[in-house]
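Accompanying notes for the structure given below.
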Amino acid sequence: ITVLLPKLYIWILTIEAGTLFLMETAGIEDMVTNTVSLSFILNLDELIHDSMVFDASRDMLERMQPFMLSSVKTPSEVDLARQHEKDHSWTFWSPSLYQGMMPRRAFLIIG
């Protein structure tokens with residue numbers, strides 16, 4: 001999802017900008033040239049993938065089974081609210097406030 005959503009967003013923006021660019025083109029020769037260039041830009045990621053990935057890697061990717069998330073238990077809203085209250089139940093003098101501000105690794109590096 002972290003790869004799919006930004007890629008989809010960029011793809012939609014490219015389609016919108018390319019369509020607007022094609023609509024503003026006056027001549028038929030320029031229209032054909034701009035259509036081919038827009039098609040090239042939209043297929044550029046697949047061209048790079050096809051030229052950079054080894055055949056063995058491509059074969060492994062094709063054989064992979066989809067990852068199913070149905071077995072993951074999603075917490076209820078009440079559980080999430082309790083966890084939020086627990087995570088944010090600190091005062092000015094509580095050590096958890098300062099542990100969040102300065103991680104342990106920083107103390108190990110400094111000390």
Side-chain angles (χ1 to χ4, degrees):
I1 289 186
T2 58
V3 173
L4 181 66
L5 291 179
K7 184 175 180 178
L8 182 66
Y9 181 69
I10 291 171
W11 186 78
I12 289 171
L13 288 178
T14 306
I15 289 290
E16 287 178 1
T19 304
L20 180 67
F21 187 65
L22 288 176
M23 295 306 242
E24 296 295 324
T25 304
I28 190 72
E29 297 89 11
D30 293 333
M31 175 90 68
V32 171
T33 304
N34 291 339
T35 304
V36 171
S37 63
L38 180 62
S39 174
F40 174 76
I41 289 171
L42 290 175
N43 292 323
L44 189 60
D45 61 335
E46 294 174 15
L47 290 171
I48 292 172
H49 177 266
D50 289 342
S51 65
M52 301 288 279
V53 174
F54 294 113
D55 291 335
S57 300
R58 191 176 299 119
D59 187 43
M60 287 171 45
L61 283 172
E62 289 174 1
R63 285 195 225 169
M64 286 180 64
Q65 295 179 359
F67 183 71
M68 303 303 289
L69 292 176
S70 61
S71 63
V72 177
K73 181 184 175 257
T74 57
S76 67
E77 288 188 26
V78 174
D79 293 336
L80 289 173
R82 286 184 188 143
Q83 183 66 35
H84 179 73
E85 288 296 322
K86 187 179 119 182
D87 290 343
H88 288 59
S89 62
W90 47 264
T91 63
F92 187 72
W93 302 108
S94 65
S96 62
L97 171 66
Y98 300 105
Q99 286 174 352
M101 292 168 70
M102 187 63 126
R104 286 184 218 150
R105 283 189 176 178
F107 283 122
L108 292 173
I109 292 172
I110 294 171

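Both M52 and F40 are members of a single hydrophobic cluster when ILVMFWY side chains are connected at heavy-atom separations under 4.5 Å. Cluster annotation: F54 is not connected to M60 through the hydrophobic network of ILVMFWY side chains, with a link wherever side-chain heavy atoms come within less than 4.5 Å. Under a hydrophobic-cluster definition in which Ile, Leu, Val, Met, Phe, Trp and Tyr are linked whenever side-chain heavy atoms come within less than 4.5 Å, directly or via other members, I10 and L20 are assigned to different clusters.
Residues satisfying the side-chain contact (heavy atoms from CB on, under 4.5 Å) test with S51, not counting sequence neighbours, are none.
S39 pairs with exactly one of N43, T35, V36, I41 by the side chain to side chain contact (heavy atoms under 4.5 Å, CB included) rule, that one being N43. Among the candidates T19, I12, L13, the single residue satisfying the side chain to side chain contact (heavy atoms under 4.5 Å, CB included) test with I15 is T19.
The neighbour count for M31 CE, taken as heavy atoms of other residues, nucleotides or ligands under 6.0 Å away, is above 12.
Across S57 and V53, no two heavy atoms sit closer than the pair CB-CG1, 3.6 Å. Nearest heavy atoms, L42 versus T14: CD2-CG2, 3.7 Å.
Under the salt bridge (charged side-chain N to carboxylate O under 4.0 Å, His left out) criterion, the residue pairs touching residues 53-66 are D55-R58, D59-R63, with sequence neighbours excluded.
L44 CG to E46 CD: the interatomic distance, rounded to the nearest 0.5 Å, is 10.0 Å.
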